Engineer: 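First the structure, then my questions, so here it is.
Since the structure is predicted, the reported quantities are computational estimates derived from the model, not experimental observations.
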Amino acid sequence: MKQTIEKLLNQAIDQLIADSMIETKPALQITRTKDAAHGDFTCNVAMMLAKQAGKSPRDVAQIIIDTLDTNESIIKIEIAGPGFINFFLAQENTLSIIKNILDKGDTFGQSDAGKKEKIQIEFVSANPTGPLHVGHGRGAAYGATLASLMRAVGFDVDCEYYVNDAGRQMNILATSIWLRYLQENAVDIPFPSNGYKSEEYIYDIARSLKQKYKDNFVRTAETVMRDIPADEAEGGDKEIHIDALIDRAKSLLGNEDYQTIFKAGLDTIIEDIRQDLEEFGVHYEHWYSEQSLADRDLINAAVKQLQDAGHIYEEKGALWFRSTDFGDEKDRVVIRDNGQGTYFASDIAYHLDKFDRGYNRVINIWGADHHGYVPRVKAALTALGKDESKLDILLVQFANLYRHGERVQMSTRSGSFVTLRELRKEVGTDAARFFYVMRKCEQHMDFDLDLAKSQSNDNPVYYIQYAHARICSVLAQLSEKQFNHDSENGFRHLNLLTEKHETDLISKLDAYADILHKAAFNADPHLLVHYLRELATLLHSYYNAHQFIIDDANGRDARFNLISATKQILNNGLTLLGVSAPIKM
RNA sequence: GCGCCCGUAGCUCAGCUGGAUAGAGUACAGGCCUCCGAAGCCUGUGGUCGGUGGUUCGAAUCCACUCGGGCGCACCA
């Protein structure tokens, strides 16, 4: 319908140009009206043309209307306000949406606008050093929802988790596990202040190692601690202390045993994260190992490629990438003076590989604290001859946690954090998924745990689910009262749906596909959330104002078609958000 | 100091590729169940859209400056 209006307007404006009243044609903006009193669609073109036409906007609007061809679907055209041209459509036009929804069912709203373009979305990618906490939950919910939305509009989406299984943190983890293992084997040994100290899962992993490998990895406290620099608690440096312990663990255990412990930690935690996310309705096509980049020599290859292109120089024993040539604020080290690659070097190789794997577009969802990292990754891709505009880095702001009115500090290392699993258990997966995508991603979010837990019934998710359950309930009542729902008869009598509540609901249903499209293309799941809330509101109001189970079969069937269509849209929308659409609650 | 994000109703937030009287939830005040689920509905109170200047027929929306708040500026990951 929008296309029809656009076509008509274009013809009219071409005519005005032919009449040399105006010279240039502006981009037409035809939008759905917010207020039904303004008709169904509106266009502001008259105001845009007023100046070059040398007439008032309303006069221009009148000329355009006079020039417009007639169309049987348009029953009225009005000039309103400063010069809006409002289009009123024939009722049959909007009523057709009901049949359309019921015919298409679960697939209603879907489109092929994405043209099967191959997209990768990488998100969460938290270090595998512990369970996910609530901060990761926002990225998880946002990424998974975005993937659903994009698939619904026809993109071919893969979700990926980048597993940071290389680097110092992982060594600290492995060493922490080993030390707890020693303690489990009655070795009296101090625990580093900088290690994974109070985490329960470290003990669990240590205990299962003991069960499986008995005392194979036991060394005396003396051997372990000999000549180790003092920890912070004894006036030393905690970083030097723990690095020395890592080296000691490697040398005393030998590579194979050290790797056994390392792997035990990594695998246990990754499996825990994977399961946690699955339960949260977040599924990945790929779990991509950082270590595998080194194993396949891709990091060196990437650095070499940069080097060959002349973007690398040596200084103070390290290799630097001249990222300032590509807009970064300073150059970055890729190979340290000790010969080891930096995390950034891995990331260059990783992103290069994403493109080499054939994705047309790559989306990274990062925590906002990584925003300073964006220019250097884009710089590297440009330097490597890739089109950096095909990499979208979406920054998700933090969800600040509040408990008893106070900010909860979240740190894996300090051991005081709320896990995603705990949150799911307390507020439920539906509410958690919904809550996280209610706000647009660049909005800072305050997450009051007490409110989420104690008043979870106030969560808007229940309001929407209730609308769905309510319709299901009415449908059930219908058969209990020995009525049938004859939808064909309903379609024949949709013109009985003339109440304000009904026309409002119908035009809201009509807007669903547009909202879905916009939410997917703008990466704004919250648009869908707000839409569903508005739809639920209209349904609840309608329910309170009118009876659905009425004696007049024609009106009854028509109303049941309408609420069935509403139920379908509620279901489709909630499903995309990863939230259930319950029949009963 | 430099950079990114955010300042809209008491609180939590929509609206931001410029459009018609700035919206919702919550809180507060009142009303609605012999009738399909009251986890609901209806009515009302509540705003210098942080501030100043600019662009425009038109600015919460764009631009500049400015004041608040958050985050980041490693040979850590």
Side-chain angles (χ1 to χ4, degrees), chain A residues 27 29 31 33-35 37-38 42-44 46-51 56-57 80-84 86 125-127 129 164 166-170 172 239 290 315-320 329-330 332-347 367-375 395-398 400 438-448 451 455-467 469-478 480-481 483 522 524 526-527 529-530 533-534 536-537 539-550 559 563 584-585:
Chain A
Q29 292 173 32
T31 49
T33 55
K34 285 184 217 162
D35 188 340
H38 298 143
T42 186
C43 187
N44 62 354
M47 288 175 283
M48 297 167 80
L49 290 172
K51 196 167 191 180
S56 82
F84 290 100
N86 294 337
S125 300
N127 282 345
T129 52
N164 298 128
R168 184 164 172 265
Q169 282 310 316
M170 289 305 295
I172 294 176
E239 305 294 348
E290 180 188 357
E315 192 179 296
K316 288 184 267 178
L319 291 186
W320 298 69
E329 55 186 13
K330 54 176 286 195
R332 309 291 173 179
V333 172
V334 284
I335 306 291
R336 288 189 271 256
D337 55 7
N338 64 9
Q340 297 226 306
T342 57
Y343 178 80
F344 179 45
S346 300
D347 239 6
D369 54 336
H370 288 78
H371 67 79
Y373 201 75
V374 175
L395 299 170
V396 177
Q397 294 294 328
F398 286 157
N400 291 321
M438 263 171 70
R439 314 265 124 97
K440 61 174 185 247
C441 70
E442 62 266 34
Q443 178 66 250
H444 299 264
M445 188 165 97
D446 287 340
F447 200 134
D448 187 328
L451 191 75
Q455 300 184 22
S456 58
N457 274 356
D458 285 345
N459 195 305
V461 69
Y462 296 107
Y463 180 82
I464 298 169
Q465 289 181 319
Y466 180 44
R470 201 168 216 182
I471 296 169
C472 294
S473 172
V474 175
L475 290 169
Q477 293 273 338
L478 186 72
E480 277 172 33
K481 294 193 177 174
F483 284 116
N522 294 356
D524 277 332
H526 76 280
L527 295 178
V529 172
H530 287 278
R533 179 165 233 296
E534 287 160 12
T537 298
L539 186 278
H540 287 308
S541 296
Y542 183 31
Y543 177 93
N544 275 276
H546 300 283
Q547 286 281 121
F548 302 150
I549 304 176
I550 50 176
R559 285 184 175 181
I563 63 168
K584 230 182 227 185
M585 29 193 315

Engineer: Between B:C36 and A:Ser473, is there an OP1 or OP2 to side-chain N/O distance shorter than 4.0 Å?
Structural biologist: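 Answer no for this pair, as no side-chain N or O of A:Ser473 is under 4.0 Å from OP1 or OP2.
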Engineer: Return the 5'-most residue of the pair A:Ala318, A:Met445 with respect to RNA chain B, ranking by each residue's nearest nucleotide.
Structural biologist: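 Its nucleotide being nearer the 5' end, the pick is A:Met445.
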Engineer: If the P atom of B:C63 is compared with that of B:C16, how far apart are they to the nearest Å?
Structural biologist: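 Rounded to whole Å, the distance is 15 Å.
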Engineer: Find the partner of B:U52: check Watson-Crick (N1-N3 plus N6-O4 or O6-N4) and G-U wobble (N1-O2, O6-N3) distances, both under 3.5 Å, and reply none if neither fits.
Structural biologist: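 B:A64 is the nucleotide pairing with B:U52.
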Engineer: Using centres under 5.5 Å plus planes under 30 degrees as the test, is A:His38 stacked with B:A20?
Structural biologist: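 Base of B:A20: stacked against A:His38.
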Engineer: Once you apply the 3.5 Å cut-off to both distances, tell me the Watson-Crick or G-U wobble partner of B:G30, or none.
Structural biologist: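 Paired with B:G30, as far as the under-3.5 Å criterion goes, is B:C42.
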Engineer: Report yes or no: is there a donor-acceptor pair, N or O only, under 3.5 Å between the side chain of A:His444 and the base of B:C5?
Structural biologist: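 Answer is yes: a donor-acceptor pair is held.
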Engineer: Write down the partner of B:U12 under the Watson-Crick or G-U wobble criteria, each distance required to be under 3.5 Å.
Structural biologist: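 When the pairing criteria are applied, B:A24 turns out to be the nucleotide that pairs with B:U12.
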Engineer: Quick one: on RNA chain B, does A:His540 or A:Lys316 contact a more 5' nucleotide (nearest heavy atom)?
Structural biologist: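 Upstream on the strand: A:His540.
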Engineer: Could you please name the partner base of B:C57, counting Watson-Crick and G-U wobble pairs only when both distances are under 3.5 Å?
Structural biologist: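 Partner of B:C57: B:G19.
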Engineer: Ignoring hydrogens, what is the shortest heavy-atom contact between A:Asp337 and A:Ala318? Give both atom names and the distance.
Structural biologist: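 Shortest heavy-atom separation between A:Asp337 and A:Ala318 comes out as N-CB, 3.9 Å.
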Engineer: Answer yes or no as to whether B:A20 has its base stacked against A:Phe84, where stacking requires a ring-centre separation under 5.5 angstrom and planes under 30 degrees apart.
Structural biologist: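 The ring of A:Phe84 is stacked on B:A20.
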Engineer: Is the A:Tyr542 ring parallel, tilted or perpendicular to the A:Phe548 ring (thresholds 30°, 60°)?
Structural biologist: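 Rings of A:Tyr542 and A:Phe548: tilted, as their planes differ by 30° to 60°.
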Engineer: Distance criterion of 3.5 Å, no angle test: do you see the side chain of A:Asp369 paired donor-to-acceptor with the base of B:G72?
Structural biologist: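 In this structure, the two groups form no donor-acceptor pair.
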Engineer: Measuring only the P atom in each nucleotide, how far is B:A64 from B:G3? A whole number of Å is fine.
Structural biologist: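 Between the two P atoms, the distance is 12 Å.
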Engineer: For B:C49 and B:A9, measure between their P atoms and round to the nearest Å.
Structural biologist: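 After rounding to an integer number of Å, I get 10 Å for this pair.
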Engineer: At less than 3.5 Å, do the side-chain atoms of A:His530 and the base atoms of B:G15 form a donor-acceptor pair?
Structural biologist: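 Such a pair does not exist between side chain and base.
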